[in-house]
Amino acid sequence: MNEYAPALCLHVLRQPWVLLVLGCTFCLLLASARSLLLPVLAITLLLALARHLLGCAWSTYIDRCLGDDLRDIGASYAESAGARFWVAEADERVVGTVGVRPADDREPRGELALKRMSVRKDYRGLGIATALARAALDFARQRGCRAVVLNTLMLQHEARALYERLGFRRHHRYVLPTVYGRLANCTITIYRYDLAGRP
């Protein structure tokens with residue numbers, strides 16, 4: 001998840017309100033100081049501060065995700081709860097993960113939520129993510145579930161392409177309902193794979 005921090009910074013930097021604030025700050029300082037040095041230093045400091053704040057916000061998001069289910073994988077993905085967690089290993093280390101669990105605890109056989117799909121960067125392009133996703137879809141099919149759903153951030157271009165190749169369809173989009181999410185325009189896309197009528 002840390003690999004998306006630089007892309008998030010660029011995404012935020014492209015937001016119109018950020019460009020407006022930076023441009024106005026630069027122009028005001030240039031007009032008042034009549035020197036190019038002060039505005040350049042001020043914008044540099046603002047960008048450094050913004051990078052630091054975004055890094056803190058992203059770390060908080062990662063910690064929240066870890067607290068949701070990855071701190072105790074056994075409890076979160078116990079098979080008796082209708083969930084499962086897979087790891088892919090290569091060269092005596094874990095190179096990929098994926099988990100599924102009921103999207104709604106009241107209806108464990110309705111929809112499964114695909115979670116924590118991740119493959120180490122140096123092992124991508126080898127079909128590991130496809131194999132993990134197929135294992136999750138097969139598990140959902142065997143359990144008699146109607147669908148598998150998942151969430152992705154707008155920054156996860158490779159993941160979104162993978163899900164669409166596998167047959168997932170965009171179901172819904174929304175802006176992350178936090179202050180940081182609204183300011184950064186962090187869009188979440190919900191994908192859905194309907195199992196009914198598929199082999």
Side-chain angles (χ1 to χ4, degrees), residues 1-4 58-178 181 186-199:
M1 293 175 79
N2 280 328
E3 74 184 67
Y4 293 111
W58 192 246
S59 293
T60 301
Y61 173 72
I62 291 171
D63 287 343
R64 194 185 90 228
C65 289
L66 290 174
D68 284 349
D69 61 349
L70 291 180
R71 292 206 198 285
D72 190 354
I73 292 171
S76 298
Y77 294 95
E79 190 172 344
S80 61
R84 174 88 43 101
F85 195 83
W86 294 267
V87 296
E89 296 180 41
D91 303 324
E92 298 182 11
R93 63 181 170 175
V94 173
V95 297
T97 63
V98 71
V100 290
R101 60 185 189 181
D104 184 351
D105 292 332
R106 295 168 297 184
E107 193 179 352
R109 293 202 182 269
E111 294 180 351
L112 288 182
L114 190 137
K115 312 276 281 174
R116 310 304 171 222
M117 170 67 84
S118 179
V119 175
R120 286 178 56 99
K121 207 169 197 161
D122 47 336
Y123 285 87
R124 292 182 187 160
L126 302 175
I128 294 170
T130 300
L132 287 168
R134 290 194 194 286
L137 292 171
D138 289 342
F139 176 76
R141 199 173 283 112
Q142 290 167 4
R143 290 192 46 80
C145 295
R146 289 189 319 265
V148 175
V149 296
L150 61 91
N151 297 339
T152 62
L153 282 171
M154 73 289 175
L155 303 171
Q156 298 173 299
H157 304 292
E158 293 173 345
R160 291 167 55 190
L162 168 72
Y163 299 136
E164 289 174 9
R165 275 195 315 272
L166 288 167
F168 283 85
R169 298 289 173 245
R170 290 181 190 185
H171 182 65
H172 180 64
R173 287 175 50 149
Y174 65 95
V175 174
L176 196 64
T178 63
C186 287
T187 306
I188 305 287
T189 303
I190 299 173
Y191 280 89
R192 180 181 177 90
Y193 187 99
D194 289 306
L195 292 164
R198 291 194 184 191

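We number each residue from 1, following the sequence as shown.
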Rounded to the nearest 0.5 Å, the CZ atom of Arg120 sits from the OG1 atom of Thr97 at a distance of 12.0 Å
CG (Leu150) and CE (Met117) are apart, to the nearest 0.5 Å, by 8.5 Å
Next item on the list: Give a yes or no on this: more than 12 heavy atoms of other residues, nucleotides or ligands lie within 6.0 Å of atom CD of Glu164.
Entry: yes
So CG of Leu176 and OG1 of Thr178: to nearest 0.5 Å the spacing works out to 4.0 Å
**Message:** Could you walk me through whether Asp91 and Tyr123 satisfy the side chain to side chain contact (heavy atoms under 4.5 Å, CB included) test, starting with their C-alpha distance in whole Å, then the side-chain angles of each, then the deciding distance to 0.1 Å, before giving a yes or no?
**Reply:** CA-CA 11 Å; Asp91 303 324; Tyr123 285 87; 2.3 Å; yes
Separation between OH (Tyr163) and CD (Gln156), nearest 0.5 Å, reads 7.0 Å
Arg173 CZ: over 12 foreign heavy atoms closer than 6.0 Å
no
>> Ring-plane angle category for Phe85 and Tyr77, please: parallel below 30°, perpendicular beyond 60°, tilted otherwise.
In response: tilted
Rounded to the nearest 0.5 Å, the CD1 atom of Ile188 sits from the OG1 atom of Thr152 at a distance of 7.0 Å
Applying ring pair (Phe, Tyr, Trp, His ring centres under 6.0 Å) to Tyr191 and not counting sequence neighbours gives none
The reported gap from CD in Gln142 to CG in Leu195 (rounded to nearest 0.5 angstrom) is 11.0 Å
Candidate pair Arg134 and Leu166, rule side chain to side chain contact (heavy atoms under 4.5 Å, CB included), full reasoning
CA-CA 8 Å; Arg134 290 194 194 286; Leu166 288 167; 3.8 Å; yes
Note: His157 and Met154 closest approach over all heavy atoms is CE1-O, 3.2 Å
Any chance you could lay out the side chain to side chain contact (heavy atoms under 4.5 Å, CB included) test for Val148 and Phe168, step after step, and finish with the verdict?
CA-CA 9 Å; Val148 175; Phe168 283 85; 4.1 Å; yes
All heavy atoms of Arg192 vs all of Asp194, minimum pair found to be NE-OD1, 2.7 Å
Nearest heavy-atom approach of Val149 to Ala103 is CG2-CB, 4.1 Å
Tightest non-hydrogen contact, residues Pro102 and Gly82, listed as CD-O, 3.6 Å
- Query: Considering residues, nucleotides and ligands other than Arg124, do more than 12 of their heavy atoms fall under 6.0 Å from its CZ?
  - Reply: yes
Side-chain donor or acceptor of Arg84 paired with backbone N/O of Ala136 under 3.5 Å
no
